[in-house]
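Excluded from the calculations below are hydrogen atoms, water molecules and symmetry mates; all remaining heavy atoms, backbone and side chain alike, are included. In this text the structure is predicted, and so the values were computed from the model without any measurement. Throughout, protein chains are lettered first and strands after them, A, B, ... in sequence-line order, and every chain is numbered starting at 1.
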Amino acid sequence: MTTASMPVEAESYNFAYLDEQTKRMLRRAILKALAVPGYQVPFASREMPMPYGWGTGGVQVSAACLVPEDRLKVIDQGADDTTNAVSIRKFFQRTAGVAVTEATTEASLIQTRHRIPETPLTEDQILVYQVPIPEPLRFLEPRETETRRMHALEEYGLMHVKLYEDIARHGEITNSYAWPVMAHDRYVMTPSPIPKFDNPKLSDSPAVQLFGAGREARIHALPPYTKVVSLDFEDHPFVASKADHECEICGSRESYLDEVITDDQGGRMFVCSDTDFCGSRSAALETERS
Amino acid sequence: MDGAEMNIYAKVKEAGPLLSVRGLSKFYGSRIGCADVSFDLFPGEVLGIVGESGSGKSTLLSCLAGHQAPDEGGIVFDGRDMFAMAEPERRRLARSEQAFVHQSPRDGLRMGVSAGGNIGERLMAVGGRNYGAIRETALDWLGRVEIDGARIDDRPSAFSGGMQQRLQIARNLVTAPRLVFMDEPTGGLDVSVQARLLDLLRGLVRDLGLSVVLVTHDLAVVRLLAHRLMVMKSGHVVEQGLTDQVLDDPQHGYTQLLVSSVLQV
């Protein structure tokens with residue numbers, strides 16, 4: 001029973017699922033992406049044992065970065081215990097045999113879908129994002145040849161036309177997630193669909209940030225301490241907003257909140273989307289009280 | 001000719017040509033697109049290019065505007081060789097100092113974007129980052145091309161053909177380019193709308209001191225707008241000179257045919 005779930009050293013030549021050639025290819029792409037912050041590096045994305053949209057890009061990037069000493073944390077919308085997070089964590093436990101954790105501070109590699117942890121990251125950590133659409137201009141210009149040319153020539157007028165249209169029509173820029181950013185004063189990139197509340201955390205982060213898009217076969221990256229600016233207008237500046245409530249479990253006013261519908265009578269509650277942050281805060285309050 | 005005007009001519013001559021074209025040729029396989037075209041365009045001058053369909057005038061225009069690479073010849077814009085230039089610089093030039101007005105406004109406008117966004121795009125492309133200022137400029141330009149400011153948030157698809165064409169002109173002129181390429185700007189419009197558009201263009205060209213290369217098959221349009229005229233046939237320039245001179249006293253047989261084919265009402 002245990003042999004099926006526990007890898008045996010002698011059998012596991014290919015640490016972390018991928019063969020060595022694939023990892024080599026991925027690492028080359030990652031290094032290139034780190035060298036040119038925000039530039040989308042094409043890579044030969046492999047089939048992974050999960051459907052597209054479930055983090056195949058993130059899993060490949062994580063697999064290329066993992067070493068046996070790593071401690072892995074996987075979150076989905078901030079939570080450690082949702083299906084996507086649990087299955088990817090199990091996958092690496094089984095194929096790499098690495099230690100796992102739910103505590104942000106203990107993890108050396110964090111794979112995330114749609115959130116940046118509330119707890120500040122450190123220089124010893126790598127944050128891997130799962131990215132559905134890596135091209136920020138995709139919905140404005142459907143042709144890949146054109147968008148590449150626009151990136152190459154820094155022709156980003158169209159991006160601001162979109163923001164202009166939002167303000168003209170709705171009075172404000174309507175993106176609440178995937179707010180486009182300018183990386184290192186050169187490339188416009190999408191931060192993957194993180195809420196705009198998390199955008200300021202992208203900039204000047206001590207951790208390495210890697211973005212993997214499996215279906216689109218693109219990797220982009222932000223090396224530590226990269227300047228990242230959310231696009232906006234001088235007179236309609238970017239504001240990192242969140243629900244104006246406090247968490248009903250831990251009482252935090254600073255963390256990003258999920259709205260949870262509790263019944264069909266209009267009942268709702270707001271709780272932290274980062275379960276580790278919320279849990280450790282509640283525990284600290286508990287010990288204070290007792 | 002009075003003294004003041006003499007002065008202007010002297011000044012222009014001293015400044016040198018804005019655009020100078022030498023021996024420009026473009027071949028489609030063995031067929032000729034345009035062959036050995038040379039001319040100088042001075043600041044504030046409007047050059048008309050006329051000829052029948054297939055005479056190579058659109059090929060010439062797209063080579064001049066950098067949409068196609070010519071096979072031979074050179075283009076110098078404001079002292080800079082357009083073909084020695086790196087592509088980023090050429091594109092930057094194309095969206096700040098040059099403009100292209102298409103025959104069909106659908107080719108030149110973003111139909112899914114409001115009128116204000118259409119006018120603002122070039123401003124934002126050259127670094128405009130103040131919403132209020134962009135909107136104000138857009139409103140000002142809508143006024144200049146005689147479109148009601150209240151329609152700033154409407155999409156061009158809700159505009160009439162004449163309004164779309166005027167919007168396209170506003171969108172192109174907003175960054176104050178020095179050189180404008182126009183491909184049949186009045187094509188497909190009815191005569192009364194054409195007349196208004198020509199009036200508008202004439203005013204803008206004079207007020208902004210634009211240099212224009214204007215391609216058309218409509219001799220009335222060049223008579224009204226162009227200072228100088230180039231007649232093309234089968235890819236070659238057969239005659240060029242002052243507009244009135246060419247139209248009133250055509251020398252080449254083809255020009256004579258062209259002038260005499262115009263219907264008199």
For chain A, find its close neighbours in [range]: heavy-atom separation under 4.5 Å, sorted by number, or none.
range                       : answer
residues 111-119 of chain B : B:Gly112, B:Val113, B:Ser114, B:Gly116, B:Gly117
residues 151-169 of chain B : B:Ile152, B:Asp153, B:Arg155
residues 64-79 of chain B   : none

Heavy-atom count around [X] [atom1] within 6.0 Å, excluding the residue itself: above 12?
X        : atom1 : result
A:Lys242 : NZ    : yes
A:Tyr177 : OH    : no
A:His184 : NE2   : no
B:Arg80  : CZ    : yes
B:Glu87  : CD    : yes
A:Arg28  : CZ    : no
A:Arg24  : CZ    : no
A:Asp244 : CG    : no

Shortest non-hydrogen contact from A:Glu154 to B:Arg95?
->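 Heavy-atom minimum between the residues: O-NH2, 4.3 Å.
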
Residue, of B:Met124, B:Glu89, B:Arg135, that accumulates the most heavy atom pairs under 4.5 Å with chain A =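 Ranked by heavy-atom pairs under 4.5 Å with chain A, first place is B:Met124.
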
If you check every heavy atom in residues 226-241 of chain A against those of chain B, which residues fall under 4.5 Å?
->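 Residues in range: A:Asp232, A:Phe233, A:Glu234, A:Asp235, A:His236.
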
Indicate yes or no: at least one non-hydrogen side-chain atom of A:Tyr164 is less than 4.5 angstrom from one of B:Glu121.
->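 Contact flag for A:Tyr164/B:Glu121 side chains = no.
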
Chain A heavy atoms under 4.5 Å from B:Arg110: which part of the residue, side chain, backbone, both or neither?
->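 Only the side chain of B:Arg110 comes within 4.5 Å of chain A.
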
